[in-house]
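Here the structure comes first, spelled out in structure tokens, and everything after it is commentary.
The chains referred to below are lettered A, B, ... by the order of the sequence lines, with proteins before strands, and numbering in each begins at 1.
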2 protein chains.
Amino acid sequence: MYAGVFPASNRSRQTPGTTAPSYLARPRQISLFSPDAEIYRQGDRSGLVYRVEFGAVRVYRLHAGGRRQVVSFHLAGETFGLEADRTRRFFAEAMVHSGLTVVGNASAETTSEDLLALALRQMISAQEHLLVLGRQSALEKLAAFLLDIAERQGDLDPIDLPMTRIDIGDYLGLTIETVSRSFSKFRDEGILRLHGARTVELLKPDRLRLLCQ
Amino acid sequence: MYAGVFPASNRSRQTPGTTAPSYLARPRQISLFSPDAEIYRQGDRSGLVYRVEFGAVRVYRLHAGGRRQVVSFHLAGETFGLEADRTRRFFAEAMVHSGLTVVGNASAETTSEDLLALALRQMISAQEHLLVLGRQSALEKLAAFLLDIAERQGDLDPIDLPMTRIDIGDYLGLTIETVSRSFSKFRDEGILRLHGARTVELLKPDRLRLLCQ
DNA sequence: CGGTCCTTTGAATTTCCTCAAACAAAGTGG
DNA sequence: CCACTTTGTTTGAGGAAATTCAAAGGACCG
């Protein structure tokens, strides 16, 4: 496990001619994280906001009894880590080999407008996740999850899942067995095809949309 | 059903000598809503943020199939209604006779700092709700819900629940029967006492905390 | 090639949901 | 003021779904 640092590549710099938020205008460094490497932990004093340059991140909380609730996944191009009072309320880990840049923090370094946009995005993300968790059926939860991930990956087919069944279960409030059985059910019904456990081809996405709308 | 308007009372004005947020410095009007009166609906174009002066509000979304997911409850003194793009993503209704004031909107009228604080509060609220919904047991969900409401009511005993069992069920992702059975279980174990369905006396709150921590 | 971790599948159990009925509280109209 | 209706709550019985426990199969890595 390692966590190195090197200068950011060009693709993450501001595009000429566009009005990008101020935090995109500065040169940045990419921090590298190997699978399961810790990015921050609950209780840490930090208001750093990160952007995923490549890879994927899980944010979660640990409950008494060893249970874990994954609060959010973050894929390439997405930001995470904004806190209300500069104290971490969750744990964050890389799920696969990942590169992160710091795009700002909750102090004067970033404009209030940028922070507001970030906060609103995280709010909507939590609300949408909440709506998924409120669904009663495991099939509906998994359908909503797959459609969400597919959309965030730019609808490229097949989907690459950076997370394990355990991660998905902890995200949806299900056991890994139920997650696996739900995948199998979708496969048996011809809704999707599995190329290994982590690569999913959505054959009939409309059938999934019917389930969760 | 009615929704009247009259000048705000003194208690909602700024206290002399304190530095209150700018939106508290202006005089306001209280809008009145009777039980089940609509405050706004999904799709509405509005960025108004409300403060509950008295009463209680539910915010929810309707799914296909008639299912309803309550996203949040708001009690006296709390604010709600901040939207990312001035389009309502949920419905809001008064649960009991309620009075609301407008504390700002997502345009220039309110400072960016105030909006950020509101957004962060709504973000945390959604994340905490998400953690409750992720719990697998109905008893854990209800325990977390009761402790949350008790704390927000200032730990006054007994608690007054402004919402029906249907509301609680739609908030926790349970049926009303399961909610009712969970109440009965807690009552039979001496954890709480019910004075009618809407008044709850927490006899052993620590037993509830043990369940959900 | 052996070991570890992840995933899948099966069987038994528990929990929750669905359907149903009884009960309680509040409001309406005669 | 009282029957009646409506709405909300509680409780029971049966069935469906998810969890738990268990074992076997795959994929990856040293």
Shortest non-hydrogen pair, A:Leu133 vs A:Gly173, comes out as CD2-N, 3.9 Å

Return all side-chain donor-acceptor pairs below 3.5 angstrom for residues 205-213 of chain A, not counting sequence neighbours, or 'none' if the list is empty.
unit_1	atom_1	unit_2	atom_2	d
A:Asp206	OD1	A:Arg209	NH1	2.6
A:Arg207	NH2	A:Glu189	OE1	3.3

Take the C1' atoms of the five end pairs on each side of the helix from C:dC1-D:dG30 to C:dG30-D:dC1, get both axes, and report the angle to 10 degrees. 30°

Check every nucleotide of DNA chain C for an atom under 4.0 Å from a heavy-atom of chain B, then give the first and the last such nucleotide from 5' to 3'. C:dC16 to C:dC19

With sequence neighbours left out, write down each residue that passes salt bridge (charged side-chain N to carboxylate O under 4.0 Å, His left out) with A:Lys204, or none if nothing qualifies. none

Once the angle between the rings of B:Phe80 and B:Tyr40 is folded into 0 to 90°, is it parallel (under 30°), tilted (30 to 60°) or perpendicular (over 60°)? tilted

Please tell me whether B:Arg89 and A:Gln127 have a donor and an acceptor in their side chains that are separated by less than 3.5 angstrom. yes

Looking at residues 159-167 of chain B, who's got a heavy atom less than 4.0 Å off DNA chain D? B:Thr164, B:Arg165

Contacts satisfying ring-ring contact (aromatic ring centres under 6.0 Å, His included) that involve residues 177-213 of chain B (not counting sequence neighbours) are none

Could you pull out the closest heavy-atom pair between B:Ser34 and B:Ala94, with the gap in Å? O-CB, 3.8 Å

Restricting to non-hydrogen atoms, name the atom on B:Ile30 and the atom on B:Gly99 that form the minimum distance, rounded to 0.1 Å. CG2-CA, 3.7 Å

Report yes if some heavy atom in the side chain of B:Tyr60 is under 4.5 Å from a heavy atom in the side chain of B:Val71; otherwise report no. no

Stepwise ring pair (Phe, Tyr, Trp, His ring centres under 6.0 Å) test for A:Phe145 and A:Tyr171: CA-CA 9 Å; A:Phe145 168 75; A:Tyr171 180 83; 5.6 Å; yes

In the 5' to 3' direction, the nucleotides of DNA chain D bounding the stretch that comes under 4.0 Å of a heavy atom in chain B are D:dT9 to D:dA13

Would you check if A:Ile159 and A:Leu202 make a side-chain contact, meaning some heavy-atom pair closer than 4.5 Å? yes

Using the side chain to side chain donor-acceptor pair (under 3.5 Å) rule, take A:Ser184 and A:Arg181 through it: C-alpha gap first, then chi angles, then the decisive distance, then the call. CA-CA 5 Å; A:Ser184 301; A:Arg181 275 184 253 268; over 6 Å; no

Listed in order of residue number, which residues of residues 168-180 of chain B have a non-hydrogen atom at under 4.0 Å from DNA chain C? B:Gly173, B:Leu174, B:Thr175, B:Glu177, B:Thr178

Ordered by number, residues from residues 136-148 of chain A within less than 4.0 Å of DNA chain C (heavy atoms) are none

Could you pull out the closest heavy-atom pair between B:Arg135 and B:Lys141, with the gap in Å? O-CE, 3.0 Å

Can a donor-acceptor pair be found between the side chains of B:Arg86 and B:Ser46 at a distance below 3.5 Å? no

Residue-level proximity of residues 192-204 of chain B to DNA chain C when a heavy atom falls under 4.0 Å: none

Salt bridge (Lys or Arg N to Asp or Glu O under 4.0 Å) pairs, two or more places apart, involving residues 159-176 of chain A: A:Arg58-A:Asp167, A:Arg68-A:Asp167, A:Arg68-A:Asp170

Sub-4.5 Å side-chain heavy-atom contact between B:Glu53 and B:Arg51: yes

Grab the two heavy atoms, one from B:Phe33 and one from B:Glu38, that are nearest each other, plus how far apart they are. CE2-O, 3.6 Å

Going through the distances and angles, do A:Leu32 and A:Phe54 end up as a side-chain contact (heavy atoms from CB on, under 4.5 Å)? CA-CA 9 Å; A:Leu32 296 179; A:Phe54 60 87; 3.5 Å; yes

Shortest non-hydrogen contact between B:Pro162 and B:Leu75, atoms and distance: CG-CD2, 4.1 Å

Residues in side chain to side chain contact (heavy atoms under 4.5 Å, CB included) with A:Arg67, at least two apart? A:His63, A:Gln69, B:Gln136

